[in-house]
Amino acid sequence: MGVVCSLGATANDLWQGLLAGRSGIGPLTRFDTCRFRSRYAAQIDDTLVTFPPGPFQFEIKRMSAFVRYALFAADRALEDSGLPLATEDDRRAEELPPDHPSSGAVFLGVAMGGLPSIEAGVLRQERKGPRKTSPFLIPSLIPNMAASTIALRHRIDGEQMTIAGACASGCQALGHAMRAIQSGARSWALAGGAEAVTTPITYSGFEAMNALSRCDDPSTTPRPFDRARDGMIVGEAAAVFVLEDRAHAEARGAVVHGELTGFATNSGCDDLTGISPRHAARCMSSALADAEVEPDATDCVFAQASGMVQGDAAEIEAVRYVSAGGRRKPVVTSIKGHTGYAFAANGPMNLASALMALRHQVVPPTSKLEEADPSFADVDIAREARVTEVRHCLINAFGFGGINASLVVSRA
Amino acid sequence: MIQDQDRDQELFDKLVKHIGEFMEADVSYLTPDAHLGTSIEGMSSLKMVELLLYLEDCFGLEFEESVVGGLERVQDLVDYIRDLQNAGQQLA
């Protein structure tokens, strides 16, 4: 797996940050925030995001940040997987023969893509005139370019798919990659999500929706599940995984971090931008059924929980519904207090955290939770890192437009 | 005449330096007769468009699209930039 976020540039950085209760949220530095009420973000340290020489080096520098972060995370995932990477000689080789079996594929979830590039491009056009627009503007911002640069840099010649399912995109991409492998169409795929939209129009757009936290202390916001939660904090992140057919992985002696055992995605909401508890619950139940995991065998829910008043409450209601009647209830946790809200990368970031939880048998804490919402009193929310048996984790991601997606990841 | 030759050489050197900056590569192999579209390693049609925008900023000039599209050699670009600079000086 490969991760880059405000806590660092490795899955271990993420995990250590989660366990230590480290907050990746701080003053926003990518633009002047004086006109905005929300002045914080969970930003990636760009000095960590570097690339070895390779194809499209020139173009990659001109890509919107989500492309670079996705490629960086994919590079780390491939390194971690031990899959043989295309060499420079391979890249220079003649085209593969038509009967050459396609190897891997790329499935990437992206919600808002190159929004910073769009905004900068519009401003440049209006200030300097249309002819000063860079010819790389459009390639830099189209959502597929994350999957495209990954596929082209690594000469992955199966399909490259980009899922635009708002904040459920990354979760859906992982699920569709899983399906492609289960069907036998692919033996392996890179899958995950990326988002980097720390740009003024993101802030004005979400402020208009009253979605951003107005808290003036970055060490206490966002506060998932807290009674004083008041909105989300924009986060930048990419998390990409090598998904592989078990027999294929075992045959080459790969280290297996966990097994994706269930996936479901469905549609439905009562409000265009809200989470519908009944639809979310149905999605979670379907994912568990797909995994053949009973609700009371679910050890941990890695929630979407962004720190928004209604969204957190709707998700808790859905969890309550799914786990009703079970002999034991899952512990629920949210990483948003550490990493901010990373839109399409939410589900993949949750998956990275869940894989580390499976490895270490520890549920990470919900950071910044001081006083839980009294209406969540019947739900077991992880306040501190908890050493416990972790066999199956449920991962949630929900997106505007009534898009729900859940994954189940189990101990390998 | 010698002054003009010195100025042309200076302009050529400056142009090669800026092309190298833009391409992030050593392009000291370029000669006045080198073809703009095919002699610069790693060049593409999009990069050429952006290179010209970059050179406009470097030299503080605005190129005529209809003219630069027809320039083939590095020397053609040197001549064009020199002419624009001269025209600018006359206007000033």
Side-chain angles (χ1 to χ4, degrees), chain A residues 46-47 49-65 67-68 71-72 86 88-93 95 113-114 116-146 148-149 151-153 155, chain B residues 14-30 34-74 76-77 79-81 83-85 87-88 91-92:
Chain A
D46 284 313
T47 63
V49 182
T50 58
F51 302 96
F56 306 106
Q57 197 84 1
F58 180 96
E59 289 83 351
I60 286 163
K61 287 185 180 168
R62 283 153 178 79
M63 292 293 114
S64 204
V67 177
R68 289 183 279 110
L71 178 60
F72 179 85
E88 205 54 39
D89 286 344
D90 292 335
R91 292 184 185 121
R92 288 183 185 136
E95 282 301 305
S117 298
I118 295 172
E119 186 168 9
V122 169
L123 290 173
R124 184 176 169 87
Q125 172 185 271
E126 297 310 313
R127 284 174 186 156
K128 298 194 168 187
R131 66 174 295 279
K132 286 290 190 181
T133 293
S134 165
F136 290 101
L137 175 68
I138 300 298
S140 81
L141 62 86
I142 50 179
N144 66 286
M145 206 46 85
S148 299
T149 54
L152 297 174
R153 282 270 288 192
R155 215 164 184 258
Chain B
K14 205 180 270 187
L15 187 58
V16 169
K17 177 172 117 15
H18 289 318
I19 293 171
E21 287 163 1
F22 176 78
M23 295 298 291
E24 296 181 16
D26 177 12
V27 293
S28 57
Y29 55 83
L30 290 175
H35 193 276
L36 280 168
T38 57
S39 299
I40 304 170
E41 201 175 321
M43 184 52 77
S44 70
S45 58
L46 295 190
K47 285 180 192 172
M48 181 55 75
V49 175
E50 192 165 88
L51 170 62
L52 292 171
L53 293 175
Y54 180 71
L55 293 175
E56 283 186 339
D57 289 343
C58 290
F59 289 100
L61 298 169
E62 193 145 311
F63 299 157
E64 280 289 334
E65 279 176 74
S66 56
V67 177
V68 290
L71 302 179
E72 293 196 343
R73 301 173 309 140
V74 175
D76 296 338
L77 193 52
D79 293 342
Y80 180 58
I81 290 171
D83 290 348
L84 282 179
Q85 287 176 330
L91 283 173

Asks: Tell me whether the count of non-hydrogen atoms from other residues, nucleotides or ligands lying under 6.0 Å of NZ in A/Lys128 goes above 12.
Replies: no
Asks: Calculate, to the nearest 0.5 Å, the distance between atoms OG and CZ belonging to B/Ser44 and A/Phe56 respectively.
Replies: 10.0 Å
Asks: Hey, what do you get for CD (B/Glu50) to CZ (A/Arg62), rounding to the nearest 0.5 Å?
Replies: 4.5 Å
Asks: Do any of residues 56-72 of chain B have a heavy atom less than 4.5 Å from a heavy atom of chain A, and if so, which, in residue order?
Replies: B/Glu56, B/Asp57, B/Glu62, B/Phe63, B/Glu65
Asks: Measure B/Phe22 against the heavy atoms of chain A and call it side chain, backbone, both or neither at under 4.5 Å.
Replies: both
Asks: Quick one: which residue pairs count as a salt bridge (Lys or Arg N to Asp or Glu O under 4.0 Å) with a foot in residues 36-47 of chain B, not counting sequence neighbours?
Replies: A/Glu59-B/Lys47
Asks: So which atom in A/Ser134 and which in B/Leu53 form the shortest heavy-atom distance, rounded to 0.1 Å?
Replies: CA-CD1, 4.4 Å
